[in-house]
Engineer: 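Pasting a structure below so you can have a look.
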Number of protein chains: 2
Amino acid sequence: MSTTPAPDAYAEPHGSGGGVGVARVTLQTVADEVGVSRMTVSNAFSRPDQLSAELRERVLAAADRLGYVGPDPAARVLARGTTGAVGVLLTESVGTAFQDPIAAAFFGSVAEELAPTGLAVALLPSTGTEQTVPARDVPMDGALVYSCAGDMTAVTWLLRRKLPLVFVDQPPTGDASSVLLDDRPGARAAAQHLLDLGHRRIAFLTTAFGLPDGVAPDPADAGIGYVSRERVAGWMSALGPAGAQVTAIHITDNSEEFAEAGARTLLDLPERPTAVLCFSDLVAWTVERVARERGLAVPGDLSVVGYDDSPLARAAQPQLTTVRQDLAAKGRVAATTLTRAIARARGEEGAPTGPEHVLVPTELVVRASTGPVPQG
Amino acid sequence: MSTTPAPDAYAEPHGSGGGVGVARVTLQTVADEVGVSRMTVSNAFSRPDQLSAELRERVLAAADRLGYVGPDPAARVLARGTTGAVGVLLTESVGTAFQDPIAAAFFGSVAEELAPTGLAVALLPSTGTEQTVPARDVPMDGALVYSCAGDMTAVTWLLRRKLPLVFVDQPPTGDASSVLLDDRPGARAAAQHLLDLGHRRIAFLTTAFGLPDGVAPDPADAGIGYVSRERVAGWMSALGPAGAQVTAIHITDNSEEFAEAGARTLLDLPERPTAVLCFSDLVAWTVERVARERGLAVPGDLSVVGYDDSPLARAAQPQLTTVRQDLAAKGRVAATTLTRAIARARGEEGAPTGPEHVLVPTELVVRASTGPVPQG
DNA sequence: AGGATCTACTGTAGCGGTACAGAAACCGAG
DNA sequence: CTCGGTTTCTGTACCGCTACAGTAGATCCT
C-alpha cells in the first residue's frame, strides 16, 4: 500500500487550467449520485409535490453533499420563458435620478411592492456600450419607463421586444399602460389658493416645457416636458380666467443651481411678482433662501408654493405650501400595473384585456410659505 | 387570377390559439428567409467581423422585415455564460433603503459607474416568496452586498452560488472583496474637535452596535452594527484617553422618529452633556430641532456633530459640523471593485489575483453647529 | 374481478442561442 | 501550378433546465 502513488497524482491528467475547470455540478450530476432521472432532481427543487417527501430529502441531501446550489437561473429562465425580473428604464443619468428624492422614493416603493412577488428590479441605464444595450440585452418580463425625456432609443428597444411596458409620468406609446400624476387639479388648486389670498402678479418657476425654437417636435419625443406642461396647464386653468398677470421663468433643470439663477431673475423683475408657483419643492426651497438673502420676508413680501410635498417641504423655513403627490401610492400602482400587464401578455386569467391608464391624485397642502398679498 | 382564393384564407390552417401563438421568430426563421445558416445570422448580430458587409446587410434587412429584434437575451445568457447584470442586495426593506439619501446616492453612483460597461444593476430584495428568492434565482455575474445587517440568508445564497461578491459597509465573508468607509479617523477627528473646544461632558446618539443582552453573537451576523461600532470606536479613541465623561444613548433605527426620542432622552439627562456626537446628519438635525424647541441654543448651549455630510448638513440651521464621506467615490470604487472581482472569476488577464479591500476616506467638516463649551 | 383514478417517477423534445472546428473559395507569392 | 494564408460561411455539439406526455404500480369503487 505504501508504495502505491497517491491517487491525486493521477487526477486531472491534463492539468487543464490549473484546477479552474472543475466540471460543473448540474442536475445530472445529482441525478447520477442518487440514481434517479434528471427530471426527478429538477422536481425536487422546483415542484416538491411531484415526488415523495422521502425521495426529495435524499435528493436534496445529495445535492448539498455535491455542493449543488439549485437549478441554474440562466438555464431556468430559458426553459421556463420567464425571468423573474422587471426593468426600470431611467433618465440618461442614473446618478441624477437617484439624487432626486422624489425619484428615489418612487423606486423604493416600486421595489417594495414587487418584492413579495419575487420579482427583482433591474435598473437599465439608457446608455450602454456599443456592444451592450441594457434595454435590448437584459432578460426581463416587463419594464417601467420612468420619465425618460429625450432619449427614446432605449424605449424603442423595449417596444420592439414587445415587452409589457408601463410608462410613468410620461404619456404611453402603443398599447403600453401608464401611471400618470393627476397634476392639473393639484396645480389648479395651488393657483386658486394664491388668487384667494389676493395675489394677481404671479410667476412660474419651472423647467422648460416646450422644445427649443426651430426644432420640429418629434413624435417619439412626446414625453419631453410632459410633467411641466401639465403643471403649467393646471396653474393657468385658474390664473387665466382670473386675468392674473403671469410671468414664466424657465429653468434648465430641476436642480438647486438652476433654481437659484431662476430665483434671482425672478426677484430682479422690475415689477416683482407677489407670489411664485414652483415646479418642485427644491425650487421653492431655493426661492425662500434667495429671498431671505435679499431681506425679503416669506410670505410677507413673497408667497411661495412648492410641488411634491417632499421632506424638504417640511424642512424649509417657513414650511412650504405645496402640492402633495403620494409617491408610495404611485410606486405601488406602477408595480401592480406592471404585473397586470405581464399577466395580460401571458394570457393569464383575470388579467386586464387592454392597457390600463391610472391617474394618481394630487392634493394642495397649505403651510406657512403663502399669505395674503402685501398691501400697496 | 380573380378566382384564386385569397392566400390568407389558407394561412394558419389550424388556427391555433386564436392568433396568440404566432410562431416565434428566431434566428432560424431569419436564416431560412435569407437562405444562410443560423450561425451566419447569429454572427450578423453579434460578431459583424465574421461575415461580409454585404451579406450582413441582407441578413439585418430580412430580420427587420420579419420583426426579429435580435438574439433572445435569455438564450444568449445561457449560451454565453454571462448575464450582463450584477445584483445589489439590500436591507430587508428596499423602500427604507431608498428613503435614505445616503444609500440612494450610493446606488446612483454605482449604477452610473456601471452604465458604460453595459452592466445593469438588479435590486435584490432580501426577502422573496416561498417560490422565488431573488438572491438565488436571478441570473447575475456578481453582486454588491450593501450593509445587510441581520438577514444573512440572502447573503448565504449568494455565497453558495460562488458569485463574485463585494461587501460594502460590512466586513466581508470568505474571499469576497470589500469597500469600507474608513470611519475611525473621521470619527476621531470629530471627537477631538469637541475636546479642542473644551467639551468634557459628551454624549453619543447612535444606533445599537451590540446585540441584545443574552444573545450569543452569531458569526454569520458579523455585519450587524459594524458601522456604528466603527464610529463609536473612532470617537472613543479620542475621548477615552482624554478622560471625557461619556454617555451613550442608543436609538433603534436611524430614523427621525427614533432620533427624536433619543434627543429628548439626551436633553432630559440630569447633568446635560455640552456636546453630542450623532450617528448621522439626520440624527444631528433632529437634535438641533428638539434643542430649539426647548429654547436651547446650538452651539451656545449644546454643540452638535453629524455624520455623512449629506445635503441635510447644509440645510440644517445652524449648518452642521459633520464627518464627510465621499459617496460618489464610494459608489465608483464599489463598482470597479465588483467588475474586477468578476474579471478575476473569469480568469481574465490583468485581473486581481485575490479579493481586494478598499477603504474610503472620511474627513471632518467644521461648520456652525459646534462651538466652545458654555461657561459654568 | 375489472376498469377508473391516483401517485411517483421517467424520457423525450425542446427553450434560442453561441463556441469552435472545419470546409470551400479566393489570393498573392514562389 | 502549387502552397500557405485569408476570408467567409457552415455543422455540430453543447449551455442546463423544464414541459409534457407517458408508464407502471397501487388504490378504489361496484
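Chain letters run A, B, ... following the sequence lines, proteins first and then strands; every chain starts at 1.
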Engineer: Under 4.0 Å: is that the gap between some side-chain N or O of B/Thr26 and OP1 or OP2 of C/dG16?
Structural biologist: no
Engineer: Just checking A/Val36: base, sugar-phosphate only, or nothing, at a heavy-atom cut-off of under 4.0 Å?
Structural biologist: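 Sugar-phosphate contact only.
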Engineer: How many Å lie between CD on B/Gln28 and P on C/dG17, as a whole number?
Structural biologist: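 From B/Gln28 CD to C/dG17 P: 10 Å.
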Engineer: Step through it carefully: locate the ring centre of A/Phe107, locate the ring centre of B/Phe107, and say whether they are under 6.0 Å apart.
Structural biologist: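 For A/Phe107 and B/Phe107, the ring centres are not under 6.0 Å apart.
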Engineer: Rounded to the nearest Å, what distance is computed from the CG atom of residue A/Leu27 to the P atom of nucleotide C/dC9?
Structural biologist: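 Interatomic distance, CG of A/Leu27 to P of C/dC9: 16 Å.
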Engineer: OP1 or OP2 of C/dT10 versus the side-chain N and O atoms of A/Thr40: is any pair under 4.0 Å?
Structural biologist: yes
Engineer: Would you mind reading off the distance between B/Arg47 atom CZ and C/dC20 atom C1', rounded to a whole angstrom?
Structural biologist: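 My rounded result for the distance is 9 Å.
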Engineer: Cut-off 3.5 Å, side chains only: do A/Thr339 and A/Thr336 have a donor facing an acceptor?
Structural biologist: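 Side-chain D/A pair, A/Thr339 to A/Thr336: absent.
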Engineer: Between B/Thr83 and B/Asp141, is any side-chain donor less than 3.5 angstrom from a side-chain acceptor?
Structural biologist: yes
Engineer: Think B/Ser46 has a side-chain N or O under 4.0 angstrom from the OP1 or OP2 of C/dT18?
Structural biologist: yes
Engineer: Please determine, for the side chain of B/Leu55, which listed nucleotide (D/dC17, C/dT18, D/dC9) has the closest atom?
Structural biologist: D/dC9
Engineer: May I ask you to check whether A/Phe106 and B/Phe98 place their ring centers less than 6.0 Å from one another?
Structural biologist: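 No, the ring of A/Phe106 stays outside the 6.0 Å limit from the ring of B/Phe98, centre to centre.
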Engineer: Expressed as a whole number of angstroms, how long is the span from A/Leu51:CG to D/dT23:P?
Structural biologist: 21 Å
Engineer: Give the rounded distance in Å between these two atoms: CG of A/Leu78 and P of D/dA19.
Structural biologist: 12 Å
Engineer: To the nearest angstrom, how far is B/Met39 atom CE from C/dA19 atom P?
Structural biologist: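 Taking CE of B/Met39 and P of C/dA19, I get 7 Å after rounding.
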Engineer: For C/dG16, does OP1 or OP2 lie under 4.0 Å from any side-chain N or O of B/Arg24?
Structural biologist: yes
Engineer: Are B/Glu33 and B/Arg65 close enough, and set up right, to give a salt bridge (Lys or Arg N to Asp or Glu O under 4.0 Å), and what steps lead you there?
Structural biologist: CA-CA 10 Å; B/Glu33 168 90 1; B/Arg65 202 178 321 131; 2.6 Å; yes
Engineer: Do the side-chain N or O atoms of A/Ser52 get closer than 4.0 angstrom to the phosphate oxygens (OP1, OP2) of C/dC9?
Structural biologist: yes
Engineer: Any N or O donor-acceptor pair linking the side chain of B/Arg38 to the base of C/dG17 at under 3.5 Å?
Structural biologist: yes
Engineer: CD of B/Glu54 versus P of D/dT8: gap in Å, rounded?
Structural biologist: 11 Å
Engineer: Whole angstroms only, please: what is the CD-P distance between A/Gln50 and D/dC20?
Structural biologist: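 Value for this atom pair: 12 Å.
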Engineer: Quick one: is A/Tyr68 getting a side-chain N or O under 4.0 Å of the D/dC17 phosphate, OP1 or OP2?
Structural biologist: yes
